[in-house]
Amino acid sequence: MCLRGIYDNAKTVVDKIGRGKERVFNQRFLQLASHYLFEPQACTPASGWEKGQIENQVKNNRQSVFVPRLRFESLSELNAHLAEQMIVEAHNNRHPEFADKTVWQVFEEERAYLRKQSAPFGSYLTEERRVSSDCLVHFDRNRYSVPCEYANKLVSVRVYAERLVLAVDGRAVAEHAREFGTGRHVLNPMHYLALLERKPGALRNGRPFREWDLPGPIEAVQKRIQSYPDWDRQMMHILSAIPHYGLEAVSVACETALESGVVNQSVVLNHLSRLTEEPEIKDVQPPSRLVLRIEPKADCGVYDRLLGGGDAA
């Protein structure tokens, strides 16, 4: 099993370089080492020969795996391709110490001695950010929405390779796909539903709602009720039911209202209430083996004797 790992002095690993081999490791990296139970060791600065074998292997693998240059839709797709090709390389290449075996054969022999891990490590960095008054968190030149009740409050931004998780008091309150461009707004309309109660007109041209991809029945209801002067307020009440009943239930209620031919806020919410109301609980008759053979007799005199200080028995 691997008990020691040698690392370059990258900022994600080392916060401060001391004399000789002294290092102040990144706190999150130390948590990674504690999770997988290995001892980190940093290379000497400007000493490429200490890790030359690793760098040569990276160079060789880059030429065999990514030449010609490939394109991928996401980091997940790239990592899946890399893992697949590394397994192919391990099957085809001979082991440097055991020439009669491939790298994969030696790995299979060592697999039983590797340390088992019950759960993967949460590979993210954490930063504290304050939410703006318009419910946005600024990170890496882009803005991400959080529920409006956290406006002007501090949140913890957990930065993964492909996503951002925003947490308050250790509890995740929002999650977004990570953007790598500049000046982009990543908005979840659900985060702004509470604001619609005060500003229903935001449904007309509010940025979070401009490109909201709602299910077909809900969009059809919105188009039908736009003939009413207060359609935005009616739509606000319908959309506000989503956090309580779920998007699917509200969509079904809208579809039922469309089929009935009468479409407005009251009709949709009435159908939603009927769809989600709890079924009536009927009396259950106990089986015969559970019926008392000698039923207890009601004796109110016991209570009177207790009040009088007598023996209830």
Side-chain angles (χ1 to χ4, degrees), residues 73-74 76 131-137 142-153 155 160 162-168 171-179 181 184-282:
E73 295 295 331
S74 64
S76 297
V131 183
S132 65
S133 58
D134 49 358
C135 311
L136 296 174
V137 172
N142 294 302
R143 290 174 172 81
Y144 301 84
S145 68
V146 297
C148 59
E149 59 263 32
Y150 300 105
N152 301 314
K153 296 183 179 179
V155 297
Y160 294 83
E162 293 185 286
R163 61 192 176 99
L164 262 65
V165 176
L166 299 104
V168 176
R171 180 176 58 88
V173 298
E175 181 174 341
H176 296 282
R178 185 176 176 182
E179 286 287 344
R184 298 180 180 177
H185 289 74
V186 185
L187 307 176
N188 184 349
M190 299 293 295
H191 295 163
Y192 296 88
L193 285 182
L195 291 178
L196 288 178
E197 297 181 5
R198 293 188 288 110
K199 298 180 179 180
L203 273 175
R204 302 173 184 269
N205 53 13
R207 175 179 285 173
F209 308 105
R210 289 175 188 170
E211 299 180 359
W212 193 1
D213 188 16
L214 288 167
I218 300 180
E219 287 190 351
V221 166
Q222 180 169 326
K223 292 179 180 179
R224 287 283 297 273
I225 66 175
Q226 283 182 353
S227 58
Y228 297 100
D230 63 339
W231 73 267
D232 48 4
R233 185 169 296 278
Q234 290 194 41
M235 199 64 197
M236 176 269 295
H237 287 291
I238 295 173
L239 295 175
S240 297
I242 294 177
H244 303 286
Y245 297 99
L247 184 61
E248 183 177 357
V250 175
S251 179
V252 172
C254 289
E255 185 175 4
T256 305
L258 291 168
E259 293 175 353
S260 69
V262 181
V263 180
N264 57 48
Q265 164 203 332
S266 301
V267 171
V268 172
L269 295 181
N270 182 269
H271 285 300
L272 181 62
S273 178
R274 293 183 178 183
L275 289 170
T276 57
E277 65 182 2
E278 297 182 359
E280 182 181 355
I281 300 176
K282 299 180 179 180

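These numbers were taken from a predicted model, which means no experiment stands behind them.
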| query | CG/Asn152 to OG/Ser132 distance, rounded to the nearest 0.5 angstrom? | reply | 7.5 Å

| message | Under a 3.5 Å cutoff, is there a donor and acceptor pairing between the side chains of Glu162 and Ser76? | response | yes

| said: Using every non-hydrogen atom in the two residues, find where Ala257 and Val263 come nearest and quote the distance to one decimal. | reply: O-CG2, 3.8 Å

| said: When you compare the side chain of Tyr228 with that of Met235, does any pair of heavy atoms fall below 4.5 Å? | reply: no

| message | Using the ring-ring contact (aromatic ring centres under 6.0 Å, His included) criterion, which residues pair with Tyr160? Sequence neighbours excluded. | response | Tyr124

| note | In short, Leu272 meets Ala241 closest at the heavy-atom pair CD2-CB, 3.6 Å

| field | Under 3.5 Å donor-acceptor, Arg143 side chain and Val137 backbone | value | no

| request: Can you see which heavy atom on Tyr192 is nearest to which on Cys135, and at what distance? | output: OH-O, 3.5 Å

| field | Partners meeting ring-ring contact (aromatic ring centres under 6.0 Å, His included) with His176 (sequence neighbours left out) | value | Tyr144, His191

| What's the verdict on side chain to side chain contact (heavy atoms under 4.5 Å, CB included) for Glu175 and Leu166, showing C-alpha distance, side-chain angles and the deciding distance? | CA-CA 6 Å; Glu175 181 174 341; Leu166 299 104; over 6 Å; no

| query | Atom CD in Gln234, atom CG in Leu239: separation rounded to 0.5 Å? | reply | 12.0 Å

| said: Applying side-chain hydrogen bond (donor to acceptor under 3.5 Å, both in side chains) as the test, list every pair that has at least one member in residues 254-270; sequence neighbours left out. | reply: Asn270-Arg274

| query | How many angstroms lie between atom CZ of Phe209 and atom CG of Leu187, to the nearest 0.5 angstrom? | reply | 9.5 Å

| Hey, are the side chains of Met190 and Ile242 touching, using non-hydrogen atoms and a 4.5 Å cut-off? | yes

| query | Is a side-chain N or O of Asn142 found less than 3.5 angstrom from the main chain of Gly181, in a donor-acceptor match? | reply | yes

| task | Could you list the residues that satisfy side-chain contact (heavy atoms from CB on, under 4.5 Å) with Arg171, not counting sequence neighbours? | result | Tyr150, Val173

| said: My understanding is that only residues two or more places apart in sequence, or in another chain, count here; which of them pass side-chain contact (heavy atoms from CB on, under 4.5 Å) with Pro215? | reply: Pro217, Ile218, Leu247, Ser251

| remark: Shortest non-hydrogen pair, Trp212 vs Glu219, comes out as O-OE2, 3.9 Å

| remark: When rounded to the nearest 0.5 Å, the distance separating CD of Glu149 from CG of Leu195 is 9.5 Å

| task | Identify the heavy atoms of Ala194 and Cys148 that sit nearest to each other, and give their distance. | result | CB-SG, 3.4 Å

| note | The reported gap from CZ in Arg204 to CD in Gln226 (rounded to nearest 0.5 angstrom) is 8.0 Å

| Which atoms form the tightest heavy-atom contact between Val268 and Cys254, and what is the distance? | CG1-SG, 3.9 Å

| said: The criterion is salt bridge (Lys or Arg N to Asp or Glu O under 4.0 Å); which residues satisfy it with Arg233, sequence neighbours excluded? | reply: none

| Any donor-acceptor pair under 3.5 Å linking the side chain of Asp232 with the backbone of Leu203? | no

| message | Could you tell me if the side chain of Val165 sits less than 4.5 Å from the side chain of Arg163, heavy atoms only? | response | yes

| Distance from Lys223 atom NZ to Trp231 atom CH2, nearest 0.5 Å? | 12.0 Å

